[in-house]
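Right, one structure below, let's go through it.
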Amino acid sequence: MKQQLKTYINRYVSFSDEETDSFFKYLEVKSYSKKEILLETNQVCKHHYFIIDGLLRAHYINEKGVDKIIQFAIENWWITNLESYVRNTPSTFTIDALENSTILSISKENLEKAFVEIPKLERLFRIIAENTLVAIQRKNEFYMKLNSKDRFLTLLESIPDFLQRVPMYMIASYLDITPEYLSEIRKNL
């Protein structure tokens, strides 16, 4: 686990073994079973979650009672409700496990302590935040410019094995299309 985290961190900022060890002591290893909830809607988000193994999703139920998936997270990805985390407000969505998952969790309090102890950690989290913003902008652009079929093909190209892990109705929710239409797209490919 520690080596996996170090490999991830060093993609962005060079950390020594000592710095990685220092950061790791602030993290809590947690295991979640499939369908177990990490963050409930209306609960204040107090943690950032790094996925060691498994698959998570962020989703909400809209005004029509439809489950809308806004994010998936797989190995070596971070997930949180940043607005709830930063502003200490109730979460507008739920985060749960789609597979048995092993997570490294860091609380806001521990992250602040780690920032003081390991100053370059703030740079790492700034880069993570920037990459998250770029991903959100790309997704928004992707929704505006691409038709449903092209959205599906783009997702398939960017994370091919991911589609083997997620039920198609969830992919349809994420792409904001009906499961029936996604089935039709797949049949015509």
Side-chain angles (χ1 to χ4, degrees), residues 1-9 11-12 20 23-24 26-62 65-85 91-107 110-111 124-125 128-129 131-132 135-136 138-139 142-143 148 151-183 185-186 189:
M1 256 184 261
K2 195 181 292 185
Q3 185 56 46
Q4 182 177 343
L5 180 66
K6 183 176 182 181
T7 300
Y8 171 82
I9 289 170
R11 289 173 32 199
Y12 304 107
T20 303
F23 180 40
F24 200 80
Y26 289 105
L27 298 164
E28 186 178 348
V29 178
K30 295 183 176 185
S31 294
Y32 293 92
S33 300
K34 184 177 181 176
K35 298 184 179 181
E36 193 170 352
I37 295 173
L38 287 73
L39 173 68
E40 291 191 49
T41 299
N42 295 321
Q43 177 184 4
V44 174
C45 183
K46 303 274 187 195
H47 296 86
H48 279 282
Y49 304 101
F50 180 76
I51 295 85
I52 293 295
D53 185 50
L55 172 64
L56 305 179
R57 72 173 169 163
H59 64 108
Y60 67 96
I61 306 298
N62 72 11
V66 176
D67 192 12
K68 302 298 281 180
I69 297 174
I70 55 176
Q71 182 182 0
F72 291 104
I74 58 175
E75 292 82 6
N76 297 318
W77 290 12
W78 289 90
I79 190 170
T80 193
N81 180 328
L82 196 57
E83 181 179 11
S84 174
Y85 180 88
S91 177
T92 56
F93 58 81
T94 296
I95 298 173
D96 59 5
L98 294 178
E99 298 174 350
N100 293 338
S101 301
T102 303
I103 311 296
L104 295 178
S105 174
I106 188 162
S107 68
N110 280 344
L111 185 58
L124 172 68
F125 273 80
I128 292 167
N131 287 340
T132 301
I136 290 167
R138 277 190 190 156
K139 182 181 177 192
F142 166 84
Y143 274 90
S148 299
R151 280 186 266 164
F152 177 69
L153 290 173
T154 301
L155 183 62
L156 185 62
E157 289 170 11
S158 61
I159 321 171
D161 58 335
F162 169 74
L163 297 177
Q164 307 306 315
R165 298 169 67 180
V166 178
M168 282 300 123
Y169 75 91
M170 288 186 184
I171 299 294
S173 172
Y174 179 72
L175 295 174
D176 201 25
I177 58 178
T178 66
E180 296 78 18
Y181 187 59
L182 180 57
S183 180
I185 291 170
R186 291 181 68 216
L189 288 178

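Numbers here simply count residues along the sequence, with the first being 1.
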With [X], which residues qualify under side-chain contact (heavy atoms from CB on, under 4.5 Å), at least two apart?
| X | answer |
| --- | --- |
| S148 | R151, I177, Y181, I185 |
| W78 | Y8, F23, H48, F50, I106, F125, I128 |
| E83 | N81, R87, T89 |
| S107 | H47, E109, N110 |

Calculate, to the nearest 0.5 Å, the distance between atoms [atom1] and [atom2] belonging to [X] and [Y] respectively.
| X | Y | atom1 | atom2 | value |
| --- | --- | --- | --- | --- |
| I79 | L56 | CD1 | CG | 5.5 Å |
| L104 | L27 | CG | CG | 5.5 Å |
| T102 | I52 | OG1 | CD1 | 7.5 Å |
| T80 | L39 | OG1 | CG | 7.5 Å |
| C45 | L38 | SG | CG | 9.5 Å |
| Q71 | W77 | CD | CH2 | 8.0 Å |

Task: Closest approach of S101 to G54 (non-hydrogen atoms, all atoms of both residues) - done: OG-CA, 3.4 Å
Open item on the list: If I compare all heavy atoms of S84 with all of S91, which pair ends up nearest, and what's the gap?
Closed with: OG-N, 3.7 Å
Is the closest side-chain heavy-atom distance between [X] and [Y] below 4.5 Å?
| X | Y | result |
| --- | --- | --- |
| Y60 | N62 | yes |
| Y85 | L111 | yes |
| L124 | I9 | yes |
| M170 | R57 | yes |
| I61 | V66 | no |
| L155 | L175 | yes |
| R186 | F152 | yes |

Open item on the list: Tell me which pairs pass salt bridge (charged side-chain N to carboxylate O under 4.0 Å, His left out) where either residue lies in residues 39-51, with sequence neighbours left out.
Closed with: none
TODO: Among residues two or more places apart or on two chains, list those pairs meeting salt bridge (charged side-chain N to carboxylate O under 4.0 Å, His left out) that have a residue in residues 97-106.
DONE: E99-R165
- [ ] Indicate whether any N or O donor in one side chain lies under 3.5 Å from an N or O acceptor in the other, for T94 and T41.
- [x] yes
Residues which pass side chain to side chain donor-acceptor pair (under 3.5 Å) with [X], listed by chain and number, not counting sequence neighbours:
| X | result |
| --- | --- |
| S105 | none |
| Q4 | N76 |
| K2 | D21 |
| Y49 | none |

Open item on the list: Is there a side-chain contact (heavy atoms from CB on, under 4.5 Å) between V29 and M1? Walk through the geometry before answering.
Closed with: CA-CA 9 Å; V29 178; M1 256 184 261; 3.7 Å; yes
Open item on the list: Would the distance check show the side chain of T7 and the main-chain N or O of Q3 forming a donor-acceptor pair, the cut-off being under 3.5 Å?
Closed with: yes
Task: Partners passing salt bridge (charged side-chain N to carboxylate O under 4.0 Å, His left out) against D176 (at least two apart in sequence or in another chain) - done: K68
Open item on the list: I'd like to know if K35 and D96 make a salt bridge, using a cut-off of under 4.0 Å between side-chain N and carboxylate O.
Closed with: no
